[in-house]
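Remarks on the structure that follows.
Here is the naming used below: chain letters follow the sequence lines, and residue numbers restart at 1 for every chain.
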Number of protein chains: 2
Amino acid sequence: MKAARERVGISQAELGVRAGIDEFCASARINQYERGKHAPDFLTVQNLAQVLGVPTAYFYAEEDNLAELILIFGKINPEEKNKFLNSAREKSKESDSFDFRLGTH
Amino acid sequence: MKAARERVGISQAELGVRAGIDEFCASARINQYERGKHAPDFLTVQNLAQVLGVPTAYFYAEEDNLAELILIFGKINPEEKNKFLNSAREKSKESDSFDFRLGTH
DNA sequence: TTTAATACTAAGCATTCCTTAGTTCCGCGT
DNA sequence: ACGCGGAACTAAGGAATGCTTAGTATTAAA
């Protein structure tokens with residue numbers, strides 16, 4: 001989150017205020033989030049994501065690869081998204097990775 | 001989450017137990033999560049995601065398009081992921097969507 | 001209809017977060 | 001070096017939320 005905030009170029013306090021947090025505690029809360037002292041609820045994460053211009057899921061991606069993919073997907077326009085998703089569907093068919101799900105064979 | 005659990009074919013209680021939740025309250029907790037009564041913390045979500053065989057970020061995707069993409073990305077093998085990500089990088093260059101980030105021009 | 005498994009819920013306890021009220025850190029101008 | 005202002009950061013209590021318990025519905029099969 002810190003990286004995303006610095007890309008936008010705003011302070012911790014400003015990020016909080018823009019996300020709709022009370023101005024008197026915005027600074028403290030964002031700091032607690034960035035340092036991992038506390039975890040924001042989902043609504044707050046959604047608001048933060050909007051301010052920072054990234055999809056909400058970006059904050060929960062464990063693999064760096066996936067995080068980057070989510071970021072890219074959030075930037076391209078809706079028309080491109082469909083093309084993109086279609087080629088993804090193709091690749092998942094081609095893939096020889098085993099399908100772990102039950103009830104599909 | 002309900003959909004993912006049903007694909008695996010296990011009960012709410014079993015999902016909880018496999019995710020490391022105490023057997024006497026696993027049922028109640030998973031039910032509260034599925035019905036939106038309460039929200040699990042991130043560690044719990046990670047454990048649930050592992051049991052259900054999906055990337056953690058999947059549970060936080062707001063757009064259906066993105067959710068599907070995350071799901072596919074979670075199924076393909078590591079080698080494919082890199083190829084996939086590279087073509088994604090290409091597309092983000094081609095895209096005429098405006099770049100909102102500061103300090104990049 | 002009885003049974004067993006699964007789904008679901010209320011309520012108090014436990015834990016975590018939010019708010020307040022500060023302190024510390026850092027860069028800049030003098 | 002010193003003071004100033006903005007940004008980062010923190011402790012602690014009050015407020016909110018989740019977790020556990022114990023139990024009630026629901027469903028499907030015998």
For Gln46(B) and Thr56(B), test the side chains for any donor-to-acceptor distance below 3.5 angstrom and give the result as yes or no.
no
If I take atom CZ in residue Phe24(A) and atom P in nucleotide dC9(D), what distance separates them, rounded to the nearest angstrom?
22 Å
Decide yes or no, distance alone: a donor-acceptor N/O pair under 3.5 angstrom between the base of dT17(D) and the side-chain of Gln32(B).
no
Test side-chain hydrogen bond (donor to acceptor under 3.5 Å, both in side chains) applied to Gln12(B) and Ser27(B), step by step
CA-CA 6 Å; Gln12(B) 294 176 340; Ser27(B) 169; 4.8 Å; no
Counting only heavy atoms and a strict 4.0 angstrom limit, can you tell me which residues of residues 10-23 of chain B come near DNA chain D?
none
Modelled atom types, side-chain donor and acceptor of Asp41(B) and Thr44(B), under 3.5 Å:
yes
Please report the C-alpha distance between Asn31(B) and Arg35(B) in whole Å, then the side-chain angles of each, then the deciding distance to 0.1 Å, and finally whether the side chain to side chain contact (heavy atoms under 4.5 Å, CB included) criterion is met.
CA-CA 6 Å; Asn31(B) 190 286; Arg35(B) 304 193 76 78; 3.2 Å; yes
What integer distance in Å separates Leu43(B):CG from dC19(D):P?
11 Å
Among the nucleotides dT20(D), dT10(D), dA7(C), which one has an atom lying closest to any side-chain atom of Asn31(B)?
dA7(C)
Whole angstrom is fine here: how far is it from CG in Asp41(B) over to C1' in dA14(C)?
14 Å
Treating primed atoms plus P, OP1 and OP2 as sugar-phosphate and everything else as base, which nucleotides of nucleotides 23-30 of chain D get B, S or - for protein heavy atoms under 4.0 Å?
--------
May I ask you to say what Ala28(B) touches in the nucleic acid, namely base, sugar-phosphate or nothing, with a heavy-atom cut-off under 4.0 Å?
base
Examine distances only and state if a side-chain atom of Arg5(B) and a backbone atom of Ile10(B) form a donor-acceptor pair shorter than 3.5 Å.
yes
Side-chain N,O (Arg29(A)) to OP1/OP2 (dC17(C)) below 4.0 Å
no
So, for Arg7(A) and Leu71(A), which heavy atoms are closest and what is the spacing to 0.1 Å?
NH2-CD2, 3.9 Å
dC18(C) phosphate, OP1 or OP2, under 4.0 Å from Tyr33(A) side-chain N/O:
yes
Give, for atom CG of Asn86(A) and atom CG of Asn82(A), the distance between the pair rounded to the nearest 0.5 Å.
6.5 Å
Between Tyr60(B) and Phe42(B), what is the ring plane arrangement, given parallel below 30°, perpendicular above 60°, and tilted in between?
tilted
Taking all non-hydrogen atoms of both residues into account, name the closest pair between Ala26(B) and Ile21(B) and its distance.
CA-CG2, 3.6 Å
Closest-nucleotide ordering on DNA chain C, the 5'-leading residue of Arg35(B) and His38(B)
Arg35(B)
Output the rounded distance in Å from NZ (Lys37(B)) to P (dC8(C)).
13 Å
Could you report the tightest heavy-atom contact between Gly74(A) and Pro55(A), atom names first, then the distance?
CA-CG, 3.8 Å
Under 4.0 Å between a side-chain N/O of Arg5(A) and OP1 or OP2 of dA8(D), yes or no?
yes
One would report the end-axis bend of the helix from dT1(C)-dA30(D) to dT30(C)-dA1(D), five pairs per end and rounded to 10 degrees, as 40°
Looking only at heavy atoms, the pair that brings Ala57(B) and Ile70(A) closest together is CB-CD1, 4.2 Å
